[in-house]
K.L.:
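Before I ask anything, here is the structure I am working with.
Whatever order the structure lists ligands and atoms in, that order sets their numbers, starting from 1.
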Amino acid sequence: MDHRKDEWLAAIAAADDSRLRELDGELFGKSGDLTALVKGVAQLPKEERRDAGRAANQLKAEIQAAYDARRQELADAALAAELAAPDFDPTEPGPKHSRGTLHPITVVRDELVDLFTSMGFTWQDGPEVESDFFNFEALNIPADHPARDSQDTFWLDDGNLLRTHTSPVQIRTMQRMKPPLKVIVPGRCFRQETVDATHEHTFYQMEGLVVDKGVSTANLLHTMKTCLREILRRDLVVRCRPGFFPFVEPGFELDVKTERGWMEILPCGMVHPRVLQAGGIDPEEYTGFAFGMGLTRVVMLRYGIDDIRTLSGGDLRFLRQFEEVGR
Ligand code: DAH
């Protein structure tokens with residue numbers, strides 16, 4: 001049965017690159033000789049099949065090994081010839097391959113995560129598809145609050161929604177972990193916005209939550225100022241004014257002065273007692289602060305980007321400008 005074995009081995013041993021490629025099809029292809037040989041076993045009388053099958057497979061493996069060895073031999077010889085060529089200069093720099101870069105949002109997020117972990121915070125995640133309970137109810141957001149409006153929220157057919165902020169992870173964290181708590185939650189949020197230079201339906205926030213005994217507004221403001229100074233890396237004029245969010249009391253807005261006027265980037269406040277309760281924490285014993293940084297806005301401020309749409313527009317010419325920072 002192996003009457004052609006020597007013929008095949010000889011053909012392989014003598015083959016150059018292009019002949020070897022042909023042999024691949026002739027031997028192992030769909031209607032190749034060895035494929036046919038293995039298939040042919042099925043036609044034999046039953047009592048012969050077992051031995052013949054074993055022999056056919058063994059032969060095929062042998063020929064395959066010879067084939068692989070020849071291919072390696074040719075590749076080695078080609079490389080050796082290239083290295084030996086008189087004009088080959090091993091010290092010349094190789095071709096440049098683009099390694100890709102991190103997206104500016106990822107760069108700033110990673111920096112923020114580094115900053116906050118150095119202050120003892122841990123990173124928590126939560127789902128992007130949320131329930132009404134975690135996104136609104138547990139955060140003390142009443143049924144008539146504008147954020148619940150279909151104008152703002154992407155509701156799903158099953159009654160769930162795409163989270164409109166990272167705040168629901170406050171509740172999820174409190175339900176899962178005991179104080180003292182110090183967490184950050186960078187994440188993607190969704191709102192049914194009319195898209196323009198400063199509004200996107202998809203954007204990033206970074207939530208923060210600190211819960212412990214005796215946490216005060218002074219702790220909150222200190223943390224926020226440290227954060228802004230580190231992250232924007234320039235002398236900033238920051239404005240603090242009262243802000244209203246149902247899940248904090250008191251609430252604040254920290255705004256940063258830009259060429260175009262004040263930009264709201266850091267709403268924050270002391271966690272509302274009802275929110276602590278929804279998280280299973282006794283507000284008589286513990287207090288906390290929370291913030292919801294507009295991560296996308298911080299990125300825009302940092303790099304002087306004036307149109308939010310460029311960030312998810314997928315235009316590589318825009319993204320390539322961040323090649324240096326994204327490494
Ligand atoms: N979740 C709010 C929003 O998206 C932002 C926010 C405000 C978060 C105050 C907070 C906070 O944690 O304390 O509009």
K.L.:
Using a 4.0 Å cutoff against the non-hydrogen atoms of F291, which atoms of ligand 1 qualify?
P.N.:
8 (C), 10 (C), 12 (O), 13 (O)
K.L.:
Check Y286 against V211 and note the closest heavy-atom contact, atom names and distance.
P.N.:
CB-CG1, 3.9 Å
K.L.:
Distance to 0.1 Å, residue and atom name: give those for the protein heavy atom nearest to atom 7 (C) of ligand 1.
P.N.:
P267 CB, 3.4 Å
K.L.:
Considering only NZ, NE, NH1 and NH2 on the basic side and carboxylate oxygens on the acidic side, decide whether E111 and R302 come within less than 4.0 Å.
P.N.:
yes
K.L.:
What I want to find out is whether E264 reaches R241 closely enough, with some N-O distance under 4.0 Å, to be called a salt bridge.
P.N.:
yes
K.L.:
For ligand 1, which part of R191 has a heavy atom less than 4.0 Å away: the side chain, the backbone, both, or neither?
P.N.:
side chain
K.L.:
Need the ligand 1 atom indices (1-based, order shown) with element for anything under 4.0 Å from a heavy-atom of Q205.
P.N.:
3 (C), 4 (O)
K.L.:
Which ligand 1 atoms does V248 reach within 4.0 Å, using its non-hydrogen atoms?
P.N.:
13 (O)
K.L.:
Is the shortest N/O to N/O distance between F245 and ligand 1 below 3.5 Å?
P.N.:
no
K.L.:
For T226 and H222, work out which heavy atoms get closest and say how close.
P.N.:
OG1-O, 2.8 Å
K.L.:
Using distance alone, determine whether T164 and ligand 1 share an N or O pair under 3.5 Å.
P.N.:
no
K.L.:
Taking it one step at a time, do I305 and L311 satisfy side-chain contact (heavy atoms from CB on, under 4.5 Å)?
P.N.:
CA-CA 9 Å; I305 297 166; L311 285 167; 4.0 Å; yes
K.L.:
Provide the number and element of each atom of ligand 1 under 4.0 Å from a heavy atom of G269.
P.N.:
13 (O)
K.L.:
Give the atoms of ligand 1, by number and element, whose distance to some non-hydrogen atom of C268 is under 4.0 Å.
P.N.:
9 (C), 11 (C), 13 (O)
K.L.:
Which atoms of ligand 1 have any heavy atom of A290 under 4.0 Å away?
P.N.:
12 (O), 13 (O)
K.L.:
Does the side chain of S312 pick up a donor-acceptor pair with the side chain of E200 at under 3.5 Å?
P.N.:
yes
K.L.:
Shortest non-hydrogen contact from M293 to L112?
P.N.:
SD-CD1, 3.7 Å
K.L.:
Which residue in the set R21, R4, R19 passes salt bridge (Lys or Arg N to Asp or Glu O under 4.0 Å) when paired with E26?
P.N.:
R19
K.L.:
Show me which atoms of ligand 1 lie under 4.0 Å from any heavy atom of Q170.
P.N.:
12 (O)
K.L.:
To check your reading of the model: name the closest protein heavy atom to atom 12 (O) of ligand 1, its residue, and the distance in Å.
P.N.:
E207 OE2, 2.6 Å
K.L.:
Does ligand 1 have an atom that lies less than 4.0 angstrom from a heavy atom of S167?
P.N.:
yes
K.L.:
Cation-pi check for F134 against R172: NZ or CZ below 6.0 Å from the six-membered ring centre and within 45 degrees of the axis, yes or no?
P.N.:
yes
K.L.:
Relative to ligand 1, is F247 under 4.0 angstrom through side chain, backbone, both or neither, heavy atoms considered?
P.N.:
side chain
